[in-house]
Each structure stands twice: as structure tokens, then as C-alpha cells.
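Single-structure report; data block below.
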Amino acid sequence: MNGIHDVGGMDGFGKIVVEENEPVFHQDWEKRAFGILLGTLGQGLYNLDEMRHGWERMTPVDFLTSGYYGHWLSTVERNLVEKNILDAAELEARTKAFLTDPDAQVPNRVNPDLVSHMKLVVQYGAPTHREATTAPRFKVGDKIKTRNINPSGHTRLPRYARDKYGVIEAAYGVHVLPDAHAHGEGENPEHLYSVRLEADELWGVQQKETVNIDLWESHLEPASN
């Protein structure tokens, strides 16, 4: 979907400031947000693509002012409420309670089985590679054109790379399609490729730089079309 999250290829946001010796967490609540997201995602309460689509639906103001772990908390809340795992009214009430009393004791529950499970999730991740049941439409070296789409839902085809010519540089086999997986439409696995796009094609500037983007077969069409 188009939105404030999709700023790739845009300018005018000022210089990127890199913090020297930047810590992993600036505040303690960010550690908890990190654990909450991994714990809920790792238990399969929602998937990686639903997670991304969750923060894509933040308002522009909230997205630009909440920071990285704020995005994580937002998508956890949205996904768990939408799946009826959390009650929105109860969540709101508890949030207000902690805002009123920030020093209130946070409930603590020990779950050794969940800890063991999460260690495996962190170690092995959640592979998206699937068995191929169809032949790939493209091969390395093929010239392609990205589709000009503007879906209302999640897509891995960024706005700045749509309706552009490029070249298939690598083929990764078949992988879960995020554009479907983010919306409860199943995995719908497709062939996945690394597509090389020239700076001239993307931004109309005569430079040698290129951008490689991982795109699925439904994002592409032959350059001759």
C-alpha cells in the first residue's frame, strides 16, 4: 500500500544522523517492546507480513514521531486486537492505568516452555522457502519491467520502483508471497528474484549506481510487454 512508511527513493527528509556508539535500546521500555514482539510473533499469533502491514497502517504523524520500537508496539496491538486475542477496551484501560501510575508493578509470569521455544525461533528463524511446483517465468539476465500497481494492502514492490525496467540478477527459488500472506490469503508461494535497477531508470540521473530489490514473479512482466 502507499503510505508514509514507503519513503524509499524519496528525498527532502534531511541528512541521516548516525549516532556514535548507538545503544541497542535507548530506554528500558524498548527492551520490553522487543520481547513482546518476538514472543507474540514467535508463537505464531501473527506472521511477519502481517506485522509489517500493521505498522504501515499507522497515521503519518504517529509513524514519523514514534520511533522504531514504537512501530513494533503499534503493530503488536493492532494485530492482537484484530485477531481478538486482546480486547481493545481492556487494552485502552490498562494503558491509561499505567499512564496514571507509571511505577505500578508489571505482571510477571515464568514460562520455561516458551523460553525454550523462543530460543529455537531466534536460532533458526522462520524460513519462507517452499517447494517449487511451477517453472520460473524468468531467468538470470532476462530484462523485465516492474508492474505499476497501487494496492490498498501490503506489497513488497516499493513505490519508487514501479513501472521501471530492470534485469534479473539472481533467482532464489520459490518463497511465500508477502502480498498475500499479510492478508490471510495463504502463502501463495511464487518464484523470487533479485532485480537490478539502474539509477538512470529510477531517478533519471546519469550515475553508475544501481539498486537491487528482491521481487516476486507477480511484481514483474517481460520487458517486451
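- Other residues sharing a hydrophobic cluster with Val176 under the 4.5 Å side-chain heavy-atom criterion for ILVMFWY residues do not exist; the residue is a singleton.
- Looking at Tyr165 and Glu198, their side chains never bring a donor and an acceptor atom within 3.5 Å of each other.
- With hydrogens and angles left out, the side-chain atoms of Asn150 and Arg159 include no donor and acceptor closer than 3.5 Å.
- The shortest side-chain heavy-atom distance between Leu157 and Ile149 falls under the 4.5 Å cut-off.
- Without hydrogens or angle criteria, Thr146 side chain to Lys164 main chain gives a donor-acceptor distance under 3.5 Å.
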Side-chain donor/acceptor pairs under 3.5 Å, residues 114-129, sequence neighbours excluded:
| unit_1 | atom_1 | unit_2 | atom_2 | d |
| --- | --- | --- | --- | --- |
| Ser116 | OG | Pro112 | O | 3.2 |
| His117 | NE2 | Gly42 | O | 2.8 |
| Thr128 | OG1 | His175 | ND1 | 3.0 |

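- For the side chain to side chain donor-acceptor pair (under 3.5 Å) criterion with Asp179, the lone passing option out of His154, Arg156, His219 is His219.
- Defined by atom type and a distance below 3.5 Å, a donor-acceptor pair is present between the side-chain atoms of Glu190 and Ser218.
- Applying the salt bridge (charged side-chain N to carboxylate O under 4.0 Å, His left out) rule to Asp142 yields the partners Lys139; only residues at least two apart in sequence or on another chain are considered.
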Between side-chain atoms of residues 80-91 and protein atoms elsewhere (two or more places apart, or another chain), which donor-acceptor pairs fall under 3.5 Å?
| unit_1 | atom_1 | unit_2 | atom_2 | d |
| --- | --- | --- | --- | --- |
| Glu82 | OE1 | Arg57 | NH2 | 3.4 |
| Glu82 | OE2 | Arg57 | NH1 | 2.8 |
| Lys83 | NZ | Glu50 | OE1 | 3.4 |
| Lys83 | NZ | Glu50 | OE2 | 3.0 |
| Asp87 | OD2 | Ala89 | N | 3.1 |
| Asp87 | OD2 | Glu90 | N | 2.9 |
| Glu90 | OE2 | Arg94 | NE | 3.3 |
| Glu90 | OE2 | Arg94 | NH2 | 3.0 |

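- Val61 approaches Thr65 most closely through the heavy-atom pair O-OG1, 2.6 Å.
- Checking Glu56 against His71 by side-chain atom types alone, no donor-acceptor pair falls below 3.5 Å.
- Inter-residue side-chain proximity for Trp216 and Leu192 is flagged as met; some heavy-atom pair is nearer than 4.5 Å.
- Using modelled atom types, one finds a donor on one side chain and an acceptor on the other under 3.5 Å when comparing Thr75 with Asn79.
- Here the OH atom belonging to Tyr69 is positioned 16.0 Å from the OG atom belonging to Ser74, to the nearest 0.5 angstrom.
- Residues Arg137 and Pro222 form a side-chain contact, since some pair of their non-hydrogen atoms from C-beta on lies under 4.5 Å apart.
- Distance CG/Leu73 to CE/Met58: 9.5 Å, rounded to 0.5 Å.
- Note on ring orientation: taking the six-membered ring where Trp is involved, the planes of Phe63 and His5 are perpendicular (angle over 60°, cut-offs 30° and 60°).
- Between Arg147 and Glu221 the shortest heavy-atom distance is NH1-OE1, 3.3 Å.
- The same ILVMFWY cluster, assembled from side-chain heavy atoms under 4.5 Å apart, contains both Val76 and Trp55.
- Annotation: Phe138 is not in aromatic contact with His191 [ring centroid separation under 6.0 Å not met].
- A side-chain donor from one of Asn2 and Arg162 sits under 3.5 Å from a side-chain acceptor of the other.
- Proximity of Val106 to Phe98: side-chain heavy atoms (C-beta onward) are separated by under 4.5 Å at one or more points.
- Residues Met1 and Ser152 fail the side-chain proximity criterion, which asks for heavy atoms closer than 4.5 Å.
- By the side-chain hydrogen bond (donor to acceptor under 3.5 Å, both in side chains) test, Asn212 pairs with Glu169, Ser194, sequence neighbours left out.
- A side-chain donor-acceptor contact under 3.5 Å links Gln43 to the backbone of Gly39.
- Taken together through direct or relayed side-chain contacts under 4.5 Å among Ile, Leu, Val, Met, Phe, Trp and Tyr, Trp29 and Phe25 form part of one hydrophobic cluster.
- Residues Leu37 and Thr40 approach most closely at O-OG1, 3.1 Å, considering heavy atoms.
- No continuous path of hydrophobic side-chain contacts links Val7 to Leu197 [ILVMFWY only; heavy atoms under 4.5 Å].
- Under a 4.0 Å N-O distance rule, the pair Asp163/Lys145 qualifies as a salt bridge.
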Item checked: Leu215 and Tyr193: CA distance, side-chain angles, deciding distance, side-chain contact (heavy atoms from CB on, under 4.5 Å) verdict -> CA-CA 5 Å; Leu215 296 174; Tyr193 308 91; 5.9 Å; no
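- Other residues sharing a hydrophobic cluster with Val167 under the 4.5 Å side-chain heavy-atom criterion for ILVMFWY residues do not exist; the residue is a singleton.
- Nearest heavy atoms, Ala171 versus Val140: N-CG2, 4.1 Å.
- Put simply, the side chain of Lys31 does not reach to within 4.5 Å of the side chain of Val24, judged on heavy atoms.
- Under the 30°/60° scheme for interplanar angles, the aromatic rings of Phe34 and Trp72 are found to lie parallel.
- For the residue pair Ile213 and Pro158, the shortest heavy atom distance occurs at CD1-CG, 4.1 Å.
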